[in-house]
Amino acid sequence: MNREDFLILKSGLIYFDNAATALKPKEVIAKMDEYYHNYPSNIKRGDYDLSYQATEEYEHTRNLVKELINADVIKEIVFTSGATDSLNIIADGYFKNKLNQNDEVLITKSEHASNVLPWFRLIKTNGIKVKYIPLDENYEVTLENVKKRVTANTKVISLAQITNVVGDIRPLKEIINYAHSLGILVIVDAAQSIAHKKVNVKELDADFLVFSAHKMGGPTGIGVLYGKERLLKEIEPINLGGGMNESFTTDGTYILKDIPTRLEAGTPNIAGVIGLGKTIEYLNKLDINKIDAYITDLKKYLVSKLEVIPHINIINKTSLSSVLAFNVEGIFSQDVAFYLNKHHICVRAGNHCAKMLKEEIKIANTVRISLSFYNTKTEIDKFIDLIKDKSRIEKEMI
Amino acid sequence: MTSEEKRTTILKYNSQPFNKQTINDGSYIKINSNNESCIDNINLYIKIENDIIKDFYFDGEACAITISATSIMIKSLLGKSIKEVLEFIASYENMINKLPYNKELLGEAECYDEIYKQPSRKRCALLPYIGLKKAIKEYQESLI
């Protein structure tokens, strides 16, 4: 779909690393250029047209995000530097002030580092416990397994909607419903789902939800923190400074503005926010449901071609998302990635920031393919031709 | 070395690594060397006595370049003095960075003389030597 919007694809490059970051459509890049060329001023500061226009565009994005994830009000949308930043703000700005000794946070071993390490820090500062929901035989999360780990001390469940290695789509609605019946708050990491699936915070009843613009085809360095209004209001801002304060006086007293401004200290990434807005408009135009259906079909095609090759071991055959992890028998994943790179195919090799997952799948490193709507069956055929010839891999991997 | 000989050497040491074994012996210096930009991760186990490398093993998970480079490094430097080892490393690093170097000194390690053409793999070829230099430093500091 829409390959002509991505200039780099004209070179014949096959880009299969969309879970790391997605390619940027030219209209998103043009929109950020427009900001830098035509109204490159700060927001909410100047009484002149340029600043007014920048502010309008900036806040327009906030509204687009609200609509995209179906939030109640725009003040529930905070701009951050990315999903990592958002998760750290949630852990350090909210839960650090709420959790006590022996309170428990539930995650899984397939979470990304950004949904693990902020909680590990609370082990040190607050004496909390981090516990792991067991994964089933397909390395996926079930409500039954969540129930097995919940105790009277469980206060938080923090899960990716789709994980970045196994690519499993979590039954979050059921999990959140169950968690809320026990007064447990749930954080959703939507970094991998936001570009491919309809994400609906109201339907999920998520307490917090985070994502990054760059995995949707937007710019790097910009992301979103969604939180229910009453929860966001209780976040202690990590950063204090310009734009977010109402007043401050020499005696050290200060009053902060309301959310979301209170949580956006300093001059923000204005071009990034405006670029995110254009990204959402672009994806809306394509229709997220069509994108989802297209990628699902492409993934099934990839699995059907790959699973019949004897020297290929697929880690997550049952996963329905865009992510596929595999290994070539007897060849280190990085050598496979180098081999494919020689043929202008970009894939990722490694542990993909999910360093605890090896305890579950017993394999530390894999090759990962993650698809997007601009990938095609022709590209997959070319990849299959290269990967099915093991002696060629061994010959050309160095 | 022809290109084919270089390839054969690298692949041979990747499929049959030299002295790839975990050592649990406190008399060996243990050094972990990993690649920040990728996933190569090796441990070196080195016994140095009277400035001579008496014994040398490695284990870990890494790409064909790192596994073979580590094997060749160990095979080439076993029994050598610290002085000889440092001369070898300097020459090897020069080769990787496309600078003048001593061909005779390097022997089989010369199979990486074209690695500069693949910048992302230079670190793979240098990784075992980064670990070895750390080990030598640790040994020398232990003498002070």
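Predicted model, so just to flag it, every value in this text is computed and none were measured. Note on naming: letters A, B, ... go to the chains in the order of the sequence lines (proteins, then strands), and numbering restarts at 1 for each one.
Contact detail for A:Ala349 and B:Ile39: the closest heavy-atom pair is C-CD1, 3.9 Å. Of all heavy-atom pairs spanning A:Phe338 and B:Ser120, the tightest one is CE2-OG, 3.2 Å.
For CD1 of A:Ile8, the number of neighbouring non-hydrogen atoms (other residues, nucleotides, ligands) closer than 6.0 Å is 12 at most. Within 6.0 Å of atom NZ in A:Lys305, 12 or fewer heavy atoms from other residues, nucleotides or ligands are found, so the atom counts as exposed in its surroundings. Around atom CG of B:Asp25, more than 12 heavy atoms belonging to other residues, nucleotides or ligands sit under 6.0 Å away. Within a 6.0 Å radius of NZ in B:Lys30, other residues, nucleotides and ligands contribute 12 heavy atoms or fewer. The number of heavy atoms from other shown groups lying within 6.0 Å of CZ (A:Arg3) is above 12. Environment of NE2 in A:His311: crowded, with over 12 heavy atoms of neighbouring residues, nucleotides or ligands closer than 6.0 Å.
A distance-only check finds no donor-acceptor pair linking the side chain of A:Asp335 to the backbone of B:Cys63 [under 3.5 Å].
Taking CZ of A:Phe332 as the reference point, atom CG of B:Asp40 lies at 5.5 Å (rounded to 0.5 Å). Interatomic distance, B:Gln118 CD to A:Lys342 NZ, rounded to the nearest 0.5 Å: 5.0 Å. Rounding to the nearest 0.5 angstrom, the gap separating the CD atom in A:Gln334 from the CD atom in B:Glu61 is 11.0 Å.
Side-chain contact between A:Ile398 and B:Arg121 is present, with heavy atoms from C-beta onward closer than 4.5 Å. Inter-residue side-chain proximity for A:Met397 and B:Leu11 is flagged as met; some heavy-atom pair is nearer than 4.5 Å.
Only the side chain of B:Asn14 comes within contact range of chain A, with heavy atoms under 4.5 Å apart.
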